[in-house]
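Structure first, commentary second.
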Amino acid sequence: MKACFPASDAPLTTVLARLLLACLIAFTLLANGAAASPPQTLTRVAGMPLAKDFSLKNMDGKSYRLSDFRGKIVLVNFWATWCPPCREELPSLERLWQSLNHKQFAILAINLGQGPNAIFEFTGTLNPAPTFPVLLDRNSAVFKSWSGIAIPTTFVVNQEGRIVYRAVGGRRFDDPRLIRQIKALVKVGR
Amino acid sequence: MKQVALHADNGNGDRRISARIPFLLQCVIVLAAFANTAAYATGTHHKINPRTGIETWQARGHGVFLSLTQMAPDQAEAFFLARGFDRKSAEKYAAACVFGTIFRNESVPSPVSCNLADWRIVTPQGERKLKLKEDWERQWKARGVSESARIAFRWSQFPTKQRFALGDWNQGMTTYALPRGGRFNLKFKWTVKGVTHEGVLSGVRCAANNGSR
């Protein structure tokens with residue numbers, strides 16, 4: 001422990017120089033911290049409640065029921081075309097989708113309150129455009145039943161149909177940390 | 001606190017004592033001192049979009065971030081007209097000094113709770129509450145605004161009550177019921193583990209039409 005300490009008879013100028021260096025390092029750390037991008041996180045949902053089942057149609061009128069995806073990890077994303085962070089994160093959801101095994105994993109993007117035309121017009125502008133199902137929650141009843149209060153909100157449902165993670169606000173879903181977190185969940189369910 | 005830490009071993013007044021503190025510890029102490037300072041000095045950062053003239057006010061501290069960006073009345077009106085509002089209702093909302101609002105839990109490990117009912121608009125005339133999403137929703141229902149338009153309204157507004165886990169954030173509209181170009185300070189509050197914190201966004205200005213220029 002003693003070896004960790006610098007010489008005790010250092011002159012005042014050396015001490016001041018060290019303190020100045022410490023200040024510079026501290027300032028650098030603080031400046032970097034302030035400018036750093038926000039953490040890409042999924043929050044563990046306490047108690048892992050059962051996700052309320054739903055049946056919603058996609059833009060072509062085909063019905064999708066959440067319980068039909070049992071046995072897979074399902075990422076459920078609530079969004080709207082007029083919501084800036086929703087618009088921003090959708091391409092990263094597609095990149096996530098392309099990076100995962102579709103036998104173990106599904107993505108359902110649920111639009112709140114809009115019609116097929118508005119959604120189609122918007123998704124056509126995205127690069128990459130979503131290839132996962134985009135469903136219509138026209139009266140936002142499903143979102144309310146999932147206790148959603150802001151969009152975008154994303155839930156991750158495990159193989160047993162329980163909500164394990166939630167993310168409120170936009171994310172970069174192709175962030176390696178998020179991909180690792182989701183892939184780890186696939187392994188747990190095996 | 002900072003002084004106590006730096007002089008804890010300074011029993012004999014020897015100014016060389018500081019040299020006994022490991023360099024890494026010195027960094028930590030200095031970092032902690034500046035972190036505390038930053039936490040209590042949630043100064044307002046103001047910026048102007050050079051292309052649109054739209055102004056933004058931001059504050060950062062205690063691990064949270066708040067940003068208010070002007071929404072020009074014509075911009076707000078167009079948004080709600082496109083969502084199915086009648087013109088009178090869209091105009092009414094657009095005239096209420098609308099801001100695009102972002103709140104983010106950047107680095108607080110525990111959930112951060114926000115209740116907009118606790119936030120205050122400060123003007124020379126005094127302090128008052130914000131007009132909340134629920135207040136507007138009652139009006140829209142009474143005015144017969146369509147359900148689809150009210151759904152769009154609901155999700156476009158900043159929620160009155162919300163909890164932000166680490167990394168969570170939200171972007172939604174808030175209104176301040178001031179005339180075009182009206183200035184105010186915003187006292188905003190948030191709670192972590194039962195402790196309420198307060199910050200101030202200073203000199204915020206409502207947009208004039210077509211941006212503030």
Side-chain angles (χ1 to χ4, degrees), chain A residues 1 4-12 14-16 18-30 33-34 36-45 78-80 82-86 112-115 118 137-141 143-144 148-153 166-171, chain B residues 6 14-35 37-38 45 60-61 63 65 79-80 82-84 100 102-107 111 133 147-172:
Chain A
M1 193 64 188
C4 295
F5 286 80
S8 59
D9 55 353
L12 182 60
T14 308
V15 173
L16 287 174
R18 282 184 177 136
L19 276 172
L20 184 64
L21 185 58
C23 283
L24 282 171
I25 291 171
F27 269 126
T28 305
L29 287 171
L30 281 171
S37 60
Q40 299 299 311
T41 54
L42 296 170
T43 303
R44 179 69 76 163
V45 176
F78 291 93
W79 71 288
W82 44 260
C83 150
C86 306
L112 298 187
Q114 296 182 282
D137 185 12
R138 294 301 293 264
N139 56 5
S140 65
F143 189 46
K144 279 190 271 184
I149 56 168
I151 55 171
T153 294
R166 177 180 51 231
V168 179
R171 297 290 191 277
Chain B
L6 281 172
D14 187 347
R15 56 184 156 180
R16 288 175 299 181
I17 287 296
S18 294
R20 291 181 186 275
I21 303 171
F23 178 69
L24 187 62
L25 184 58
Q26 288 178 25
C27 287
V28 169
I29 290 167
V30 172
L31 188 63
F34 283 114
T37 306
H45 175 66
R60 176 176 269 124
F65 170 78
F79 179 88
F80 286 107
R83 309 274 95 75
I102 294 173
F103 188 91
R104 191 191 296 269
N105 176 356
E106 291 189 321
S107 59
K133 168 181 163 174
E147 193 195 356
S148 63
R150 283 188 281 127
I151 286 170
F153 180 85
R154 178 177 309 141
W155 304 121
S156 67
Q157 302 301 295
F158 202 93
T160 299
K161 285 185 181 178
Q162 193 170 353
R163 271 162 67 92
F164 297 84
L166 176 63
D168 281 353
W169 63 290
N170 193 13
Q171 179 172 351

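To find a chain, count down the sequence lines: A is the first, B the second, and so on, and within it residues start at 1. Please read all numbers here as calculations on a predicted model, not as lab measurements.
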The residue among A:Cys86, A:Pro84, A:Pro152 that forms side-chain contact (heavy atoms from CB on, under 4.5 Å) with B:Gln171 is A:Pro84
For the candidates [options], which exhibits the highest count of non-hydrogen atom pairs separated by less than 4.5 Å from chain A?
| options | result |
| --- | --- |
| B:Gln162, B:Gln157, B:Arg150 | B:Gln162 |
| B:Leu166, B:Asn105, B:Ile102 | B:Leu166 |
| B:Ser156, B:Gly172, B:Gly100, B:Ser148 | B:Ser156 |

Residues forming a side-chain contact (heavy atoms from CB on, under 4.5 Å) with B:Arg83, sequence neighbours excluded: A:Trp82, B:Phe79, B:Ala152
Okay, A:Phe78 and chain B: the region with an atom under 4.5 Å from a heavy atom over there is neither
Side chain, backbone, both or neither: which part of A:Ala150 has an atom under 4.5 Å from a heavy atom of chain B? both
Heavy-atom pair count under 4.5 Å with chain B, highest-scoring of A:Gly170, A:Gly148, A:Cys83: A:Gly170
Contact leader toward chain B among A:Gly113, A:Ser140, A:Ala118, where contacts are heavy-atom pairs under 4.5 Å: A:Ser140
Taking only residues at least two apart or on different chains, which pairs with a member in residues 151-172 of chain B satisfy salt bridge (Lys or Arg N to Asp or Glu O under 4.0 Å)? A:Arg171-B:Asp168, B:Glu137-B:Arg154
Against chain A, label B:Ile151 side chain, backbone, both or neither, depending on which of its atoms sit under 4.5 Å from a heavy atom there. side chain
Is it the backbone or the side chain of B:Glu147 that comes under 4.5 Å from a heavy atom of chain A, or both, or neither? side chain
Output yes when a side-chain donor or acceptor of A:Thr43 lies under 3.5 Å from a complementary backbone atom of B:Ala165, and no otherwise. no
How long is the span from the CG atom in B:Asn170 to the OG1 atom in A:Thr153, to the nearest 0.5 Å? 7.5 Å
